[in-house]
Amino acid sequence: MKKILIVSGHPDLNDSFANKTILEETKKLLPEAEFVYLDKLYPDFQIDVKTEQERLLRADIIVLQYPIFWYSAPSLMHRWIEQTFTHGFSHGTTGDKLKGKQLVLSFTSGAPEEMYRQGGLQCYPIDDFLPAYKQMAKLCGLQWCDYIYSGGLSYASRHDETELARMKDKAIQHAHLLVEKLKGMA
């Protein structure tokens, strides 16, 4: 089986519901994968570039797991990308270390999926928020392997028991879809 690296970019998983559930369920279903929790390793945003690049080198499949914050990944995930995907490592004339590896995005939003459409509250389909990640994959020679997305997982609804149960089921379904996709790639 291919080596899978799952990088959690949530800035505080202790204060998460959906991403925490997705990661816990994915870990149960895919215990052989390597899980990296950026919030626990780098709460000060001081990324250990050498260690993170070594993780990337070992991986065949890279999964970025995060909640959408202001239509993109949280700043901690961006910082990790900025620091580890360096010229000469991931791109540039000698930057071929990620070439051929597979990239999958796995993300959530508080807003329901139907709000991400033309004419919806968010005005654009979710795909319209992903070109930067697709270009990053292209620049680095990564295979873009699409994404798993679940909306309607609002942290604000966590105190409503009915909503919480619905969201937990949806987060678990998300994890199962992710694992199914990853196993199909292996």
Side-chain angles (χ1 to χ4, degrees), residues 1-69 72-81 83-85 98 101-110 113 126 130 133 136-137 142-155 157-158 161 163-186:
M1 182 160 192
K2 292 183 179 180
K3 293 180 181 159
I4 300 169
L5 174 65
I6 300 174
V7 181
S8 167
H10 195 292
D12 185 3
L13 271 177
N14 291 328
D15 205 24
S16 168
F17 174 78
N19 279 255
K20 185 177 184 179
T21 301
I22 289 166
L23 288 161
E24 288 170 351
E25 187 70 11
T26 302
K27 194 165 196 160
K28 280 192 259 180
L29 298 168
L30 210 59
E32 65 276 10
E34 181 178 3
F35 288 78
V36 176
Y37 302 91
L38 298 179
D39 66 321
K40 291 172 182 37
L41 291 171
Y42 308 115
D44 59 358
F45 280 57
Q46 298 303 307
I47 310 297
D48 180 341
V49 175
K50 186 176 187 296
T51 297
E52 297 307 318
Q53 288 179 339
E54 287 169 1
R55 290 185 213 278
L56 289 166
L57 290 172
R58 287 191 302 266
D60 300 305
I61 301 170
I62 302 160
V63 178
L64 303 182
Q65 173 66 53
Y66 59 92
I68 294 176
F69 283 11
S72 189
S75 57
L76 181 57
M77 177 66 82
H78 277 283
R79 176 72 173 178
W80 180 82
I81 293 168
Q83 295 289 298
T84 58
F85 288 57
L98 301 180
K101 295 177 185 288
Q102 297 170 293
L103 178 66
V104 176
L105 301 186
S106 174
F107 56 92
T108 62
S109 70
E113 291 97 341
I126 201 69
L130 302 179
Y133 299 101
M136 177 185 76
L142 290 160
Q143 263 186 298
W144 171 257
C145 295
D146 219 4
Y147 61 88
I148 302 294
Y149 161 60
S150 295
L153 297 171
S154 176
Y155 181 76
S157 300
R158 72 190 180 285
E161 291 302 317
E163 264 305 284
L164 189 61
R166 182 198 64 77
M167 290 189 304
K168 183 171 180 109
D169 286 344
K170 192 166 187 175
I172 289 170
Q173 288 173 10
H174 181 110
H176 283 262
L177 289 171
L178 176 60
V179 170
E180 182 179 312
K181 179 175 190 57
L182 295 174
K183 286 185 174 181
M185 294 166 59

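Computation of the quantities below employed the complete heavy-atom set of this structure, encompassing side-chain atoms and omitting hydrogens, waters and symmetry-equivalent molecules. Fair warning: this is a prediction, and the values are worked out from it, not measured in the lab.
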**Complete:** Note: Val63 and Ser106 closest approach over all heavy atoms is CG1-CB, 4.0 Å

**Request:** Could you tell me whether the side chain of Leu142 reaches within less than 4.5 Å of the side chain of Phe85, counting heavy atoms only?
**Result:** yes

**Request:** Mind jotting down which residue pairs meet the salt bridge (charged side-chain N to carboxylate O under 4.0 Å, His left out) criterion with at least one end in residues 11-22? Sequence neighbours excluded, please.
**Result:** none

**Request:** Show your reasoning for whether side-chain contact (heavy atoms from CB on, under 4.5 Å) applies to Leu164 and Glu161.
**Result:** CA-CA 5 Å; Leu164 189 61; Glu161 291 302 317; 4.2 Å; yes

**Message:** Whether the side chain of Lys101 engages the backbone of Ala59 through a donor-acceptor N/O pair (distance < 3.5 Å, no angle test) should be reported.
**Reply:** yes

**Message:** Run the ring-ring contact (aromatic ring centres under 6.0 Å, His included) test against Tyr42 and tell me which residues pass, sequence neighbours left out.
**Reply:** none

**Request:** Hey, could you give me the CE/CH2 distance between Met136 and Trp144, rounded to the nearest 0.5 Å?
**Result:** 8.0 Å

**Item:** Atom pair CD1 (Ile4) and CE (Met185), whose distance is rounded to the nearest 0.5 Å
**Value:** 7.5 Å

**Item:** Pairs touching residues 173-186 that satisfy salt bridge (charged side-chain N to carboxylate O under 4.0 Å, His left out), sequence neighbours left out
**Value:** none

**Fill in**
By side-chain contact (heavy atoms from CB on, under 4.5 Å), Ala175 pairs with (sequence neighbours left out) Ile22, Glu25, Thr26

**Working for side-chain contact (heavy atoms from CB on, under 4.5 Å), residues Val7 and Tyr66** = CA-CA 8 Å; Val7 181; Tyr66 59 92; over 6 Å; no

**Prompt:** Shortest non-hydrogen contact from Ala137 to Leu103?
**Reply:** CB-CD2, 4.1 Å

**Request:** Report yes or no: do His174 and Thr108 form a side-chain donor-acceptor pair below 3.5 Å?
**Result:** no

**Item:** Approximate separation, where rounding is to 0.5 Å, of Ile47 CD1 and Leu38 CG
**Value:** 6.0 Å

**Asked** When you look at Leu178 and Leu30, which way does the side-chain contact (heavy atoms from CB on, under 4.5 Å) test go after all the steps?
**Response** CA-CA 10 Å; Leu178 176 60; Leu30 210 59; over 6 Å; no

**Message:** What's the separation between atom CD1 in Ile126 and atom OG in Ser150, rounded to the nearest 0.5 Å?
**Reply:** 10.5 Å

**Request:** List for me each residue that meets side-chain contact (heavy atoms from CB on, under 4.5 Å) alongside Gln46, sequence neighbours excluded, and say none if there are none.
**Result:** Asp44

**Prompt:** Which pairs count as side-chain hydrogen bond (donor to acceptor under 3.5 Å, both in side chains) when at least one residue sits in residues 54-63, sequence neighbours excluded?
**Reply:** Glu34-Arg55, Glu34-Arg58, Lys50-Glu54, Glu52-Arg55

**Message:** Taking salt bridge (charged side-chain N to carboxylate O under 4.0 Å, His left out) as the cut-off, I'd like each qualifying pair that reaches into residues 72-81, sequence neighbours left out, listed once.
**Reply:** none

**Item:** Nearest heavy atoms of His10 and Pro67, plus distance in Å
**Value:** CD2-CG, 3.5 Å

**Request:** Name all residues meeting the side-chain contact (heavy atoms from CB on, under 4.5 Å) criterion together with Tyr37; count only those two or more places apart in sequence or in a different chain, and write none if there are none.
**Result:** Ser8, Leu13, Leu23, Lys27, Phe35, Asp39, Lys40

**Request:** Can you sort out the partners of Thr51 under side chain to side chain donor-acceptor pair (under 3.5 Å), two or more places apart, ordered by chain and number?
**Result:** Asp48

**Residues which pass side-chain contact (heavy atoms from CB on, under 4.5 Å) with Gln143, listed by chain and number, not counting sequence neighbours** = Gln102, Cys145

**Asked** Do Tyr133 and Ser72 pass the side-chain contact (heavy atoms from CB on, under 4.5 Å) test, and can you show the C-alpha distance, the side-chain angles, and the key distance before you say yes or no?
**Response** CA-CA 10 Å; Tyr133 299 101; Ser72 189; 3.1 Å; yes

**Request:** Please assess Tyr149 against Ser109 for the test side-chain hydrogen bond (donor to acceptor under 3.5 Å, both in side chains), listing each intermediate value before the final yes or no.
**Result:** CA-CA 8 Å; Tyr149 161 60; Ser109 70; 2.8 Å; yes

**Request:** Kindly write out the residues that satisfy ring-ring contact (aromatic ring centres under 6.0 Å, His included) with Phe69, not counting sequence neighbours, or none if the list is empty.
**Result:** none

**Asked** At what distance, to the nearest 0.5 angstrom, does CE of Met77 lie from CD of Gln65?
**Response** 8.0 Å

**Message:** So, using side chain to side chain donor-acceptor pair (under 3.5 Å) as the criterion, who are the partners of Glu113 when residues are at least two apart?
**Reply:** Lys170

